[in-house]
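These notes concern the structure reproduced below.
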Number of protein chains: 2
Amino acid sequence: MSVLSPLTPPPRLLMGPGPINCYPRVLSAMATQLVGQYDPVMTGYMNEVMALYRDVFNTKNQQTFLVDGTSRAGIEAVLVSAIEPGDKVLVPIFGRFGHLLAEIAERADADVHTIEVPWGEVFTAADIEKAIQEVQPKMLAIVQGDTSTTMLQPLEEIGSICEAHDVLFYCDATASVGGNPLKVDEWKLDAVSVGLQKCLGGPSGSAPITLSDKFVKTVRTRHHVEAGIRDAHHESARGPKIRSNYFDLPMIMDYWGEERLNHHTEAASMLYCARECARVHLEEGQENVIARHKVAGDAMLAGVQAMGLAPFGDLKHKMYNVVGVYIPDDVDGEAVREALLLRFNIEIGTSFGPLKGKIWRIGTMGYNAREDAVLHTLQSLETVLRMQGMTLPQGAGVDAALAVFTEAAND
Amino acid sequence: MSVLSPLTPPPRLLMGPGPINCYPRVLSAMATQLVGQYDPVMTGYMNEVMALYRDVFNTKNQQTFLVDGTSRAGIEAVLVSAIEPGDKVLVPIFGRFGHLLAEIAERADADVHTIEVPWGEVFTAADIEKAIQEVQPKMLAIVQGDTSTTMLQPLEEIGSICEAHDVLFYCDATASVGGNPLKVDEWKLDAVSVGLQKCLGGPSGSAPITLSDKFVKTVRTRHHVEAGIRDAHHESARGPKIRSNYFDLPMIMDYWGEERLNHHTEAASMLYCARECARVHLEEGQENVIARHKVAGDAMLAGVQAMGLAPFGDLKHKMYNVVGVYIPDDVDGEAVREALLLRFNIEIGTSFGPLKGKIWRIGTMGYNAREDAVLHTLQSLETVLRMQGMTLPQGAGVDAALAVFTEAAND
């Protein structure tokens with residue numbers, strides 16, 4: 001084949017459920033030249049990343065670091081390190097990513113128990129307490145925000161329930177972190193995994209996680225040092241060996257810890273990226289970032305409603321950063337998405353499973369939780385729906401969004 | 001904590017066993033803004049990456065793509081997808097990374113059989129054939145270049161042996177790819193995994209792999225589609241489910257294939273990076289890149305020998321891109337490395353296991369397989385050894401290296 005041309009992607013505005021456009025500063029950080037993996041400069045950066053993500057997660061957990069892979073790498077690392085075959089795991093499922101947690105736990109040979117609510121709803125704390133009492137699991141595994149449904153599961157009361165029943169409380173917060181509150185210590189979470197590609201404004205490819213001392217103690221019983229680098233002073237394995245080398249959290253902790261015991265070679269450019277995502281977030285201030293996501297999300301919701309479109313699901317429990325919108329009758333949902341993409345350079349999302357073909361998902365995340373991004377999206381959606389033959393009130397969507405932003409600015 | 005300062009790493013020259021400095025073009029590519037994961041532009045880039053790495057691997061294998069993680073993610077994906085509990089796997093070990101292959105295969109509950117040669121040597125084809133006859137494994141798993149010893153295992157004759165005994169032939173070529181010949185189809189390899197952070201001149205964090213049709217057929221018997229996205233037309237699982245979701249190669253192939261079935265969210269910036277690494281490699285021309293690594297490696301070897309330092313291992317089987325150098329008596333190896341790093345901004349490598357404290361490892365890889373990088377390293381090493389009280393012939397190392405480069409330029 002001929003050698004291909006340089007990268008010249010079109011300037012898409014990514015208003016789907018993620019990934020979204022990166023903050024420009026995050027892109028610049030990734031172009032930084034490398035240092036060696038045990039260079040004191042690099043290990044210093046690793047320590048800084050740990051400190052920065054403690055602030056992102058609102059935790060004092062020492063064990064706060066990156067798993068090198070996409071978000072589901074963080075999920076699998078948590079589950080496969082904690083689960084021994086036969087362990088009971090309870091997974092409340094309210095969308096696609098609940099199924100994913102159950103699927104990953106099943107592959108780790110957990111005894112998986114699930115409860116479900118219809119897509120578009122969330123669980124009450126009482127639902128979860130009842131299931132915990134029945135199942136008596138070792139771990140509760142739940143998603144905070146499931147982009148497949150746009151729902152945000154309240155977590156505030158669940159930690160105390162887990163504590164009372166001696167259950168490890170694990171949550172994947174990839175879709176919600178950075179755009180919605182997430183208080184790891186206050187909510188008594190034992191393990192949380194996230195990704196960069198939603199409200200943190202980075203690309204997919206690095207999975208920050210945080211682990212409570214209780215969780216660490218559990219996985220440390222399966223600690224094991226590789227034959228190729230084991231010294232006399234290293235203890236041999238105690239509990240059953242974790243089934244994955246790559247996702248063996250005790251070994252990854254040894255690499256991020258004082259001993260700096262070789263495991264993988266840290267993905268340095270993605271670490272630079274994760275560091276900058278956290279800096280952008282913390283410089284703006286977590287409360288300010290979340291407030292910006294709320295305003296942008298409210299504006300998008302007000303806009304689509306003013307256009308006469310119906311939002312999906314229980315709006316009291318919608319994530320700030322994404323809204324589901326029913327595709328109107330007689331409108332070809334995919335043709336709308338294609339025209340938005342190819343004529344206006346704007347991407348909105350399709351959907352999965354029971355919602356496939358029924359709703360669009362429109363995100364307002366990270367760098368794109370911005371007034372201009374919301375306004376252009378609503379205007380373009382109006383135009384494309386007109387192109388599809390729909391009759392809409394002129395400018396109703398964009399005007400409603402403008403009103404929300406104006407009100408927020410005056411507050 | 002206070003919000004931390006921007007990234008300003010010192011301009012290290014990374015002359016260890018990898019990671020090394022990235023090609024500047026590769027860093028620039030990573031700073032490119034994203035497009036959505038199912039954008040035709042993105043799926044086009046994915047197809048281009050597949051085509052580019054077919055050329056890097058010298059293969060026609062359709063299934064040539066990226067695993068999102070560091071090199072050992074690629075290793076684990078190959079092993080965990082192919083191995084069912086109890087399957088016999090033969091691992092010839094000639095350094096640290098052979099132990100790693102065995103360790104990962106053991107965690108997949110393979111029946112692992114190993115043969116070993118002392119560090120600094122490689123296996124003959126006859127050694128391997130004999131072991132295959134004895135063990136009758138499902139798979140042979142071997143490293144091409146083991147950076148822990150600098151040795152390059154000849155692979156040319158092994159493929160036919162594996163074929164004759166119906167053994168899957170898997171090789172990890174992370175340390176050697178791009179700087180030494182690797183002919184996947186000609187050598188009858190069934191699976192090869194690599195990383196970007198050595199001779200391909202990128203950062204760690206993406207693992208290109210290629211799989212023969214025979215290998216694909218083997219892992220497809222364990223094909224399974226996730227519950228959250230399964231449609232009526234998807235077959236349910238056949239063979240025993242692969243134990244990892246993240247490393248389930250049939251699912252990853254579905255994501256890279258025509259169906260574009262959602263699995264992970266592709267790590268777009270690392271894909272941009274992998275694409276540019278391949279472009280740099282193929283634009284220069286694979287034979288030219290390998291020749292450049294040979295000259296730089298020969299020059300570094302001639303340089304250290306002219307300084308009176310002894311190289312490690314069987315030089316007939318040394319990788320072009322790294323040399324082991326015995327630390328002279330009465331010299332503090334770590335003090336030398338520290339002075340090189342902190343005074344000269346040059347990193348050379350320490351070593352693992354039985355070689356720990358005995359040798360340095362000096363690399364000439366990717367962007368750093370350059371005359372100026374070799375010359376600065378040899379001069380600085382001379383200066384630092386003088387600082388340590390050693391007596392050396394003035395400029396002998398740099399002069400010997402200059403002679404090698406001059407001769408190569410005149411050829």
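Labels below follow one simple rule: chain letters A, B, ... track the order of the sequence lines, proteins then strands, and each chain is numbered from 1.
- Side-chain contact check for B:T32 versus A:P9: some heavy-atom pair is nearer than 4.5 Å.
- Within the 4.5 angstrom heavy-atom criterion, no atom of B:L196 approaches chain A.
- Under the 4.5 Å side-chain criterion, counting only non-hydrogen atoms from C-beta, A:T70 is in contact with B:Y246.
- In this structure the side chain of A:S244 reaches within 4.5 angstrom of the side chain of B:E76, judged on heavy atoms.
- A donor-acceptor pair is defined here as one N or O able to donate and one able to accept, closer than 3.5 Å; such a pair exists between the side chain of A:R72 and the backbone of B:H263.
- Top candidate by heavy-atom pairs under 4.5 Å with chain B, chosen from A:D39, A:D68, A:I93, is A:D39.
- For chain A, the nearby parts of B:Q33 are the backbone and the side chain; heavy atoms of each come within less than 4.5 Å.
- With a threshold of 4.5 angstrom between heavy atoms, A:L14 approaches chain B through side-chain atoms but not through N, CA, C or O.
- Contact of A:R275 with chain B is made through the side chain alone, with heavy-atom distances under 4.5 Å.
- Considering A:E103, A:E106, A:R107 in turn, A:E103 is the only one that fulfils the side chain to side chain donor-acceptor pair (under 3.5 Å) rule with B:N245.
- For chain B, no part of A:L271 is nearby; none of its heavy atoms comes within less than 4.5 Å.
- Residue B:P24: no heavy atom, backbone or side chain, is found under 4.5 Å from chain A.
- Of the residues considered (B:P11, B:A268, B:A73, B:A29), B:A73 shows the highest number of contacts with chain A, using heavy-atom pairs under 4.5 Å.
- For A:M30, the parts lying under 4.5 angstrom from a heavy atom of chain B are both the backbone and the side chain.
- Interface residue B:L341: only side-chain heavy atoms are found under 4.5 Å from chain A.
- Distance alone, capped at 3.5 Å, is enough to place a donor-acceptor pair between the A:S204 side chain and the B:T265 backbone.
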